[in-house]
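The first residue of the sequence shown is numbered 1, and numbering continues consecutively from there. Since we're looking at a predicted model, the values are computed, not measured.
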Amino acid sequence: MESNRPIMMMMHVDDGSATNMMHPLLCSGDWDPSPAFSNPGSHDHPVWCSWSGVKCNPITAQVTSLDLSFRNLSGIIPPELRFLTSLVDLNLSRNYFDGPLQPAIFELTQLRTLDISHNSFNATFPPGVSKLKFLKFFNGFSNDFIGPLPLEFIHLQFLEQLNLGGSYFEGVIPVGYGNFKRLKFLDLAGNALEGTLPPQLGFLTQVEHIEIGYNGFTGKIPVELALLSNLKYLDISNCSLSGLLPEELGNLTKLEALYFFKNNFVGEIPMSYTKLKALKVLDLSNNLLSGTIPEELASLTELTWLSLIGNNFSGTIPQSIGELPNLNTLLLWDNNFSGILPQKLGSNGKLLTLDVSSNSLTGPLPPNLCHGNKLFKLILFNNMFTNELPRSLVNCTSLSRFRIQNNLLNGTIPYGFGLLRNLTFVDASKNKFTGEIPGDLGYAPMLQYLNISENDFNNELPSNIWSAPSLQIFSASSSKLTGEIPDFVDCNNVYKIELQGNFLNGSIPGDIDRCQKLLSLNLSSNLLTGIIPRELSMLPSINAVDLSHNLLTGTIPSSFENCSTLENFDVSYNLLSGPIPSSGPTFPNLHPSSFSGNDGLCGRIVAKPCPEALATGDMEAGNNNQQHPPRKAAGAIIGPWKLTAFQRLNFTSDDVLECLSMTDKIIGMGSTGTVYKAEMPSGETIAVKKLWGKHKETVRRRRGVLAEVEVLGNVRHRNIVRLLGCCSNRECTMLLYEYMPNGNLDDLLHGKNKGDNLVADWVTRYKIALGVAQGICYLHHDCDPLIQSDESMSVIAGSYGYIAPGAFTNLAVHFSLRLWNIANLRLILAQEYAYTLQVDEKSDIYSFGVVLMEIISGKRSVESEFGDGHSIVDWVRSKIKNKDRIVDVLDKNVGATCASVREEMMQMLRIALLCTSCNPAERPSMRDVVLMLQEAKPKRKLPAEGGGGGVNGSNVVVVGIDDSIAQKAKLEC
């Protein structure tokens, strides 16, 4: 008789330590063995039969099913598991088990189903699986197995499903894999298999699903696959197969899905494929196929998905394709199709995606593309479409991406696109559009990208164009725009503006400082007059400014010298005069051509000395008198001042103001203000953040800010920087923080001398990661009350680079992520928000995952090597797909060449991947993250560890590093 003692053994806690596998379950309070230990005979029904994931035989109470999936378990499988001899179903999927697969599992001879997918089992697949003589279902997908495919599986005569995909299996598919008598499902995809496909696969007479793509197979598809009369799904995509598509596959009358994309097939689509009457999906993309689309393909009435991307097809698209009753996705881009689109496309009311870009198509667009109001993507660029846009499109509320650039479309852009609630991306550039630009675009609720460049509008920009609440990129270059640039009202999220090559006149609006997230501004080649507004130099993230070829006068504001983010600046061919700023991080490195064509400019950069009066700044003072008040000192703001203290302070508001009036020690800058280092008369050093005075705030808004600052001031946690107090009057708010002398994580990871500081040691980086996680966990789960007002919170937290747009509903980012100040991460989270629309704690968890990736890799969140538009998250995922390059993710400066350190880094990488899951629902809570990080604790210690200091000491992790460990620790491998 089976003993159930193994369950109790696995749950037993001995001297405060649990079996590594089961510890998270104990923490959840779900598996509690104490009643059975305290009074073993008091229960008629064993206590473990009521635990989650455990099912028992109702008569014998023996465990028959054990489901431990999604439990964040790690380590190896306990050998005691083999004593559950009545186990029929075992599910260990989606955990962090590693090492070789334990042969103890193969002692469970009654198993019918075994799922070990989504773990990190490595080494070769162990012998013994043939002992599971009753096994029907085996899923080993997404592990790290190496070596040849295991042959023992062919002895399992009842096996119906076999999934060995997503590992590193190599070699060929064994000929014996054609001997499974009852196999219905075979998945070997995503390994390192090679060679030719064995014809014996055609002997799997019961098989319904074959998925063997994403390997290195060569040669041709064996015609024997046509013998698989029950086959419904065939995927041999992304290999190196070649030759003609076998005509014999037209005999697979039950086939519903055929994926052959990313191979080297040549020739035409066999006519026999038009007999696949059950076919729903046909994907032949990215091959070398040619010829035309057979007219008879329209007889496949079940077809929902047709993709022929990236081939050499030519001719016209059969009009009958537009009459397919179930078609929802048509992807034909990057071919040589000509003629007009089928005019009945979309009439079936089911069309979701249409992409026929980069062909030679002409004529009008079909009138009923969005007949069922389901169309999500309409991609038509790089063709020769003519006529006006169908009016029906402005009623397509499902439309999200609309790309029609580089065609010959004409007429006006119809009113109504701005009212589409799901529209995020519009590119109508390089067409022949004329007339008025519809003003409703300024109301588009979700529009992030709008490009109307290179058209013939001969009209003004709508006055409300900047008001679209989600707009990030606006481009209207070379579109014959006239009139003045509209005031930058509500320019909240825009980070790129392109208006070059038009006929715009008037001055640059002085309220451009409302565009606090602006990175790039191009107003070149217009007719602009007036001065360069000083507010432009005060933008916290401005990176590129091009004002060349205009009629601007006055001087270049000297405040540009303090613009630390600026990299490109061009004011050539204007009417500017006076001295060119000569100091700061940018101007000394600019090329003289950036100032050409301005005879009145002088300075070292153009090798033209300035007259003494100009050099002393008189010219700039005169320039300011034209339109702007004189510049105020940092603390010279109209009083009276109120100091709100959140602990005992040894200074007054007057001390703060006096210090700021004399200091130039700027230690940080964000989109809401500048941070100064300030030394108080008492000798205490603090950090003062002076919030930008954007535009006059209402009394209600001001009161909301101060009320919430008081809440923030009461937060206390060892890993969270303290807010000491707040100085405010009717025009300005200054936040007073404790000063962290050792800088921030960005400096330590990416500074010039990063090899000589404490983050050269993996143990220290681990401690930093854990400390930050504990701080965020406190704010997510233990800090009360939280802030509720989205409007006023955005005043405080709006600059923080780790918040997705709109995600201002909690405090974690404010305290835990702000002062890292890692550049450009806001762009990553803007993308994250665009995909998910999440504005809750899950956005913080995504942010933390990105920071873990920086700690692991030593790279910034956005670097040129990642590719245009890609972040560190995309880069890491690409390395994981190319499995032999995973090691490239790990920073060698902290010991990634050492096996033990490398494994610890890999454990943290798994946590980072969980935190940055595309689906927010799949991201763990911060409590779970802290648990996982604690389990990934390195086995070594810092030389100074054990004293009163360290990263886990007072207020260390979030914004600075404690002095006691500010030294390079010795790596012990």
Side-chain angles (χ1 to χ4, degrees), residues 477 481-485 487-488 497-513 515 518 520-539 542-633 664:
S477 60
L481 297 177
T482 60
E484 298 187 358
I485 299 173
D487 288 341
F488 291 101
I497 296 174
E498 295 180 329
L499 292 173
Q500 67 269 25
N502 286 293
F503 303 105
L504 298 169
N505 54 50
S507 61
I508 301 172
D511 63 349
I512 194 168
D513 59 340
C515 304
L518 193 63
S520 176
L521 176 68
N522 194 335
L523 304 178
S524 64
S525 301
N526 279 287
L527 304 172
L528 298 173
T529 57
I531 67 168
I532 300 173
R534 179 188 301 276
E535 289 81 1
L536 181 57
S537 68
M538 308 300 285
L539 291 173
I542 192 67
N543 179 267
V545 174
D546 192 345
L547 307 177
S548 63
H549 296 274
N550 278 287
L551 303 171
L552 299 172
T553 57
T555 65
I556 301 172
S558 61
S559 50
F560 273 106
E561 292 181 333
N562 298 323
C563 190
S564 61
T565 59
L566 193 64
E567 294 184 4
N568 299 292
F569 184 82
D570 192 346
V571 291
S572 59
Y573 299 98
N574 278 282
L575 304 173
L576 299 171
S577 58
I580 299 172
S582 58
S583 62
T586 302
F587 275 78
N589 302 314
L590 292 177
H591 194 272
S593 62
S594 299
F595 307 97
S596 300
N598 294 277
D599 293 339
L601 287 178
C602 58
R604 181 187 59 81
I605 296 176
V606 292
K608 179 180 179 182
C610 293
E612 184 177 352
L614 299 185
T616 58
D618 293 344
M619 189 68 181
E620 183 175 352
N623 188 38
N624 283 338
N625 289 334
Q626 295 179 47
Q627 296 186 25
H628 300 282
R631 184 182 183 187
K632 299 176 182 179
D664 59 354

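Residue pairs meeting the side chain to side chain donor-acceptor pair (under 3.5 Å) criterion with at least one partner in residues 596-606, sequence neighbours excluded, do not occur; the list is empty.
Atom-to-atom distance recorded for Leu523:CG and Ile485:CD1 is 4.5 Å, nearest 0.5 angstrom. Note that the CD1 atom of Ile532 and the CD1 atom of Ile512 stand 11.0 Å from one another [nearest 0.5 Å].
Applying the side-chain contact (heavy atoms from CB on, under 4.5 Å) rule to Asp546 yields the partners Asn522, Ser524, Ser548, Asp570; only residues at least two apart in sequence or on another chain are considered.
Residues Leu590 and Glu567 share a closest heavy-atom pair of CD2-O, 4.1 Å. Leu527 approaches Phe503 most closely through the heavy-atom pair CD1-O, 4.2 Å. Here the closest heavy-atom approach between residue Gly510 and residue Pro533 is recorded as CA-CB, 4.3 Å. Considering every non-hydrogen atom in both Asn574 and Leu551, the closest pair reads OD1-N, 3.3 Å. The heavy-atom pair separating Pro509 from Asp487 by the smallest distance is CB-OD1, 3.8 Å. Of all heavy-atom pairs between Pro611 and Cys602, the closest is CD-SG, 4.4 Å.
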Do any side-chain atoms of residues 580-588 form donor-acceptor pairs under 3.5 angstrom with protein atoms, and if so which ones, sequence neighbours left out?
residue	atom	partner	partner atom	Å
Ser583	OG	Glu561	OE1	3.2
Ser583	OG	Glu561	OE2	3.1
Thr586	OG1	Leu566	O	2.4

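No donor-acceptor pair closer than 3.5 Å links the side chain of Thr565 to the backbone N or O of Asn543.
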If you apply the rule side-chain contact (heavy atoms from CB on, under 4.5 Å), what do you find for Ile508 with Leu536, and how did you get there? CA-CA 10 Å; Ile508 301 172; Leu536 181 57; 5.6 Å; no

Give the C-alpha distance, both sets of side-chain angles, the deciding distance and a yes or no for side-chain contact (heavy atoms from CB on, under 4.5 Å) between Asn505 and Glu484. CA-CA 5 Å; Asn505 54 50; Glu484 298 187 358; 3.4 Å; yes

